[in-house]
Engineer: 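Here it is: the structure, laid out below.
Per chain, numbering begins at 1; letters A, B, ... match sequence-line order.
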Amino acid sequence: DIQMTQSPSSLSASVGDRVTMTCRASQSIRRYLNWYQQKPGKAPELLIYAGYSLESGVPSRFSGSGSGTDFTLTISSLRPEDFATYYCQQSYSTPRTFGQGTKLEIK
Amino acid sequence: QVQLQESGPGLVKASQTLSLTCSVSGGSISSGGYYWSWIRQHPGKGLEWIGYIFYSGSTNYNPSLKSRVTISVDTSKNQFSLKLSSVTAADTAVYYCAIDRYNASSGHAYFNSWGQGTLVTVSS
């Protein structure tokens, strides 16, 4: 199985901040990497697919980058509704695997 | 936009079989390019992929659960189902059905639609 490791596990930031979180794969997954946002009590929602493609309807303040084993999700200017947990997920192979999540909290 | 809705018992006794159904609306389960998937999330934890089924009936399961999992599809009802046998307390989780949308030309796949999730508790 491909292991996905996210860092940090939690992050405190303020509205308006620029935030970056990372995801590392245990082997190269090229650009087969997706990012999701999950709010408490809700299902995850797709933000970014194929490494950097923005899902329809997702604000442009979200962006993804990286390839191979190292990936980043950046939020350019935090809004109150962005405080949530973010997961990366590889679709290079099965079993599909997710990172353990980065919880973004209000400072 | 295709919508998904899980249904099934919220309480299952240990050693019995967990059974859930995902009803698909706004689209046909026979559409190509979709893998109809199950994912679970233990309380306060991360996400675990259980497996998926293609409308033709071909399946792919997580090896960690493969011996206990069956995913099936009923195209006439536009539904797909999950059965997990011999459950224990470790199977207590929120279970999501989701669409793993697959782009054959690029090879990329991503979960672009999710059900709301249903909590299944395994009791002793």
Side-chain angles (χ1 to χ4, degrees), chain A residues 1-10 21 23 28-58 62 64 66-67 71 73 84-103 105, chain B residues 1-6 20 22 33-54 58-69 71 93-119:
Chain A
D1 299 4
I2 297 175
Q3 306 302 316
M4 307 300 293
T5 303
Q6 291 184 244
S7 61
S9 54
S10 64
M21 59 191 75
C23 176
S28 176
I29 57 171
R30 297 164 62 184
R31 276 196 300 108
Y32 291 86
L33 191 282
N34 308 314
W35 290 96
Y36 302 85
Q37 177 193 68
Q38 186 178 34
K39 296 181 179 178
K42 301 292 188 182
E45 293 185 355
L46 179 67
L47 297 174
I48 302 282
Y49 62 93
Y52 61 79
S53 296
L54 199 65
E55 170 70 343
S56 177
V58 174
F62 291 93
S67 65
F71 301 85
L73 174 69
T85 300
Y86 293 84
Y87 292 96
C88 62
Q89 173 249 327
Q90 63 82 18
S91 61
Y92 181 79
S93 65
T94 59
R96 305 287 197 229
T97 48
F98 293 83
Q100 81 282 12
T102 291
K103 186 174 183 179
E105 300 174 305
Chain B
Q1 179 88 4
V2 178
Q3 295 187 318
L4 307 174
Q5 177 68 58
E6 306 90 349
L20 295 173
C22 184
Y34 293 161
Y35 293 124
W36 304 95
S37 306
W38 288 98
I39 295 161
R40 70 180 182 179
Q41 186 169 35
H42 295 103
K45 302 295 185 183
L47 298 156
E48 179 180 28
W49 178 77
I50 299 171
Y52 64 57
I53 189 165
F54 196 53
S58 62
T59 55
N60 193 327
Y61 299 141
N62 192 323
S64 67
L65 297 168
K66 187 173 184 176
S67 64
R68 299 193 292 129
V69 171
I71 298 176
V94 174
Y95 287 77
Y96 295 100
C97 56
I99 296 174
D100 191 0
R101 181 174 179 176
Y102 176 69
N103 185 315
S105 60
S106 69
H108 289 287
Y110 40 87
F111 299 107
N112 72 334
S113 186
W114 298 66
Q116 65 185 25
T118 187
L119 174 62

Engineer: Select, from B:Asn103, B:Ile50, B:Asn62, B:Leu119, the one with the greatest count of heavy-atom pairs under 4.5 Å involving chain A.
Structural biologist: B:Asn62
Engineer: With sequence neighbours left out, write down each residue that passes side-chain contact (heavy atoms from CB on, under 4.5 Å) with A:Ser7, or none if nothing qualifies.
Structural biologist: A:Thr22
Engineer: Under 3.5 Å, is there a donor-acceptor pair between the side chain of B:Tyr96 and the main chain of A:Pro44?
Structural biologist: no
Engineer: Which bit of B:Tyr61 comes within less than 4.5 Å of chain A, counting heavy atoms only: side chain, backbone, both or neither?
Structural biologist: neither
Engineer: Which atoms of B:Asn60 come close to chain A, meaning under 4.5 Å heavy atom to heavy atom: side chain ones, backbone ones, both, or neither?
Structural biologist: side chain
Engineer: Under 4.5 Å, heavy atom to heavy atom, which residues of residues 85-93 of chain A contact chain B?
Structural biologist: A:Tyr87, A:Gln89, A:Ser91
Engineer: Could you walk me through whether A:Tyr32 and B:His108 satisfy the side-chain contact (heavy atoms from CB on, under 4.5 Å) test, starting with their C-alpha distance in whole Å, then the side-chain angles of each, then the deciding distance to 0.1 Å, before giving a yes or no?
Structural biologist: CA-CA 6 Å; A:Tyr32 291 86; B:His108 289 287; 3.4 Å; yes
Engineer: Going by side-chain contact (heavy atoms from CB on, under 4.5 Å), name the residues that satisfy it together with A:Glu105, two or more places apart in sequence or in a different chain.
Structural biologist: A:Ser10, A:Ser12, A:Lys103
Engineer: Can you list the residues that meet the ring pair (Phe, Tyr, Trp, His ring centres under 6.0 Å) rule with A:Phe71, with sequence neighbours excluded?
Structural biologist: none
Engineer: Check each atom of A:Pro40 against the heavy atoms of chain B and say whether the ones under 4.5 Å are side chain, backbone, both or neither.
Structural biologist: neither
Engineer: Which of the residues B:Ala98, B:Ser113, B:Gly107 is involved in the greatest number of heavy-atom pairs with chain A at under 4.5 angstrom?
Structural biologist: B:Gly107
Engineer: Above 12 or not: heavy atoms from other molecules or residues under 6.0 Å from CZ of A:Phe62?
Structural biologist: yes
Engineer: Could you look at B:Ser106 and say if it's the side chain, the backbone, both or neither that has a heavy atom under 4.5 Å from chain A?
Structural biologist: backbone
Engineer: Looking at A:Glu45, I'd like to know if its CD atom is crowded, meaning that more than 12 non-hydrogen atoms belonging to other residues, nucleotides or ligands lie closer than 6.0 Å.
Structural biologist: no
Engineer: Over all heavy atoms of both residues, which pair between A:Ala43 and B:Trp114 is shortest? Give the atoms and the distance, please.
Structural biologist: CB-CB, 3.8 Å
Engineer: Using every non-hydrogen atom in the two residues, find where B:Leu47 and A:Phe98 come nearest and quote the distance to one decimal.
Structural biologist: O-CD1, 3.5 Å
Engineer: Determine, step by step, whether B:Asn112 and A:Tyr49 satisfy the side-chain contact (heavy atoms from CB on, under 4.5 Å) criterion, reporting the C-alpha distance in whole Å, the side-chain angles of both residues, the deciding distance to 0.1 Å, and the verdict.
Structural biologist: CA-CA 9 Å; B:Asn112 72 334; A:Tyr49 62 93; over 6 Å; no
Engineer: To the closest 0.5 Å, what do you measure between CG (B:Asp100) and CG (A:Asn34)?
Structural biologist: 8.5 Å
Engineer: For the CZ atom on B:Arg68, are there more than 12 heavy atoms of other groups (residues, nucleotides or ligands in this structure) within a distance under 6.0 Å?
Structural biologist: yes
Engineer: For A:Arg31, which atoms come within 4.5 Å of any heavy atom of chain B: side chain, backbone, both, or neither?
Structural biologist: both
Engineer: Quick check on B:Ile39 against chain A: is it the side chain, the backbone, both or neither that has a heavy atom closer than 4.5 Å?
Structural biologist: side chain
